[in-house]
Chemist: 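Next up is a structure, given as structure tokens.
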Amino acid sequence: MENALTLTTKKHTSHAQRQDIYQALLQQSFDGELRRGSISDVGALFGVSKRTVSCIWKRVKLQAENGSTIDLSSKKLQVVGRKRVQLDLNQVSQIPLRCRTTIRSIAKSLGVSKSTLHRRIKECELRPHTNVIKPDLIHANKTKRLEFCLSMITRSLSNSNPTFHYMFNIVHVDEKWFYISKLSKRYYLVPSEDEPSRTCKSKKFITKVMFLAAVARPRFDAFGNEIFSERTEFSHLQQENPLSVQVRTVLQEQKVLPTLKSKWPPNHTGSIFVQQDNAKPRIDVNDSEFIEASSQDGFDIRLCFQPPNSPHLNVLDLGFFRAIQSLQEQEVLHTVDELVSAVQTSFDKMQSHELNNVFLTLQTCMKEILKVHGGNNYQTPHIGKSRLERQGNLPLQIECEQSLIDEAASYLV
């Protein structure tokens, strides 16, 4: 009984095994005919069914009769496995966006399984997209954004395209709330691991602390050594004090201006601009107290505003705050003091080249703003800065085509 089962069990043979079976059959044949019982003997010898041996012999005989080369390669290379579900991806674009927020809703609209759609996503035939709400810009906002971006362009003395300014004389200032923990966090666990438990008294009032940061673009010598630190100031603001008073105190008296003057390269000439957004706690550009404090010790430090509703025109909102937060969130925190220490430590850990890359990203965003006539309907471009830095080809400024500048200027007329 065991031998019978062995002979009749279906078994997929390899190309080498089929060749060996064919050679064994040839040895038991005479003038193209097999002697009686040869198929059973060869099947038992190789542990395959008589049908498999018979199919191989018939295939060889048919090829010989047709004068073809003996070919025993598998015929199942393109036909094995489950049949692929046919899906017209053009139908997906016809489904309203409100019905395309989950795989389940798309699968229901198309009449296919969720696993089919999941495979299409893994094959990059469908791409997930996270959409964020952007500020609603009026015509005056777009005009201000265009004028601001055009003011950052410097004309080249050569025949090459104009470029954006080095931005070495601009200090970006902004505040941000840092939370002791996020409302929702993603972890990767092994199957046997217990799920972590996180609690707080109220999800609406998670412990948070506001920080004010002031950063400038770092400078490097010809050998890549940093000669000017971008970390002008990073200060914790007290919630119990009025924010406008604290901003003035930190900027003017205690932190930013003294640190800026002590760290600024002595060989720098010209004005230094402190760029801030349009929030109410900001200091007016003509504030007499600030002008008096900033003009001491031979400095010419001026305040300026970025365009309204334009957080991406500030390197802190564009990426530097997010990089600090990602480091801070890796710490387990329980108290306000631990949160303050973790955020400050994360700020100190940030590498100078990372902030330099954000300044380059800012210039690429300005270029995109010119393309869309001051709007914000663009994607943050990526130029492979890490790769360019490894190759030693990272630019100091981003070029801007003259035709793009002319088009943006004509839109303002």
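Small disclaimer: the values here were computed from a predicted structure and weren't measured.
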Chemist: Looking at Glu401 and Lys367, does any basic side-chain N land under 4.0 Å from a carboxylate oxygen?
Modeler: yes
Chemist: With sequence neighbours left out, write down each residue that passes side-chain contact (heavy atoms from CB on, under 4.5 Å) with Tyr188, or none if nothing qualifies.
Modeler: Arg186
Chemist: Asn90 and Gln94: side-chain donor and acceptor closer than 3.5 Å?
Modeler: no
Chemist: Is a side-chain donor-acceptor pair under 3.5 Å present for Gln28 with Ser38?
Modeler: yes
Chemist: Per the side-chain hydrogen bond (donor to acceptor under 3.5 Å, both in side chains) rule, which among Gln402, His373, Lys371 passes with Glu407?
Modeler: His373
Chemist: Assess the side chains of Ser181 and Arg198: does a donor N or O sit below 3.5 Å from an acceptor N or O?
Modeler: yes
Chemist: Parallel, tilted or perpendicular for His172 and Phe359, by the 30°/60° rule?
Modeler: perpendicular
Chemist: Quick one: CD1 on Ile138 to CG on Asn309, what's the gap to the nearest 0.5 Å?
Modeler: 8.0 Å
Chemist: With the threshold set at 4.0 Å, does a side-chain nitrogen-carboxylate oxygen contact exist between Glu147 and Lys142?
Modeler: no
Chemist: Under the 3.5 angstrom rule, does the side chain of Thr116 hit a backbone N or O of Val112 as a donor-acceptor pair?
Modeler: no
Chemist: Do Thr69 and Asp71 get their side chains close enough for a donor-acceptor pair, meaning under 3.5 Å?
Modeler: no
Chemist: How about Ser68 and Gln63: does a side-chain donor come under 3.5 Å of a side-chain acceptor?
Modeler: no
Chemist: State plainly whether the residues Lys176 and Asp174 are in salt-bridge range, i.e. N to O under 4.0 Å.
Modeler: no
Chemist: For Asp20, check salt bridge (Lys or Arg N to Asp or Glu O under 4.0 Å) against everything at least two apart and list the hits.
Modeler: none
Chemist: Go through the side-chain N and O atoms of Ser310 and Lys144 and say whether any donor and acceptor fall under 3.5 Å apart.
Modeler: no
Chemist: Tell me if a side-chain donor or acceptor on Glu329 pairs with a main-chain N or O of Lys182 at a distance below 3.5 Å.
Modeler: no
Chemist: If we ignore hydrogens and angles and just use 3.5 Å, is the side chain of Ser54 paired with the main-chain N or O of Arg51 as donor and acceptor?
Modeler: no
Chemist: Taking Pro308's backbone N and O only, do any of them form a donor-acceptor pair with Arg145's side chain (distance below 3.5 Å, no angle check)?
Modeler: no
Chemist: Decide whether Ser49 and Thr52 meet the rule of one side-chain donor and one side-chain acceptor closer than 3.5 Å.
Modeler: yes
Chemist: If you look at every heavy atom in Asn376 and Pro135, which pair is closest and at what distance?
Modeler: ND2-O, 2.8 Å
Chemist: Look at Asp41 together with Arg35 and state whether they make a salt bridge at an N to O cut-off of under 4.0 Å.
Modeler: yes
Chemist: Does Asn278 use its side chain to pair, donor to acceptor, with the backbone of Gln306 at less than 3.5 Å?
Modeler: yes
Chemist: Is NZ or CZ of Arg219 both nearer than 6.0 Å to the six-membered ring centre of Trp264 and within 45° of the ring axis?
Modeler: yes
Chemist: Between His129 and Asn131, is there a side-chain donor-acceptor contact under 3.5 Å, judged purely by atom types and distance?
Modeler: yes
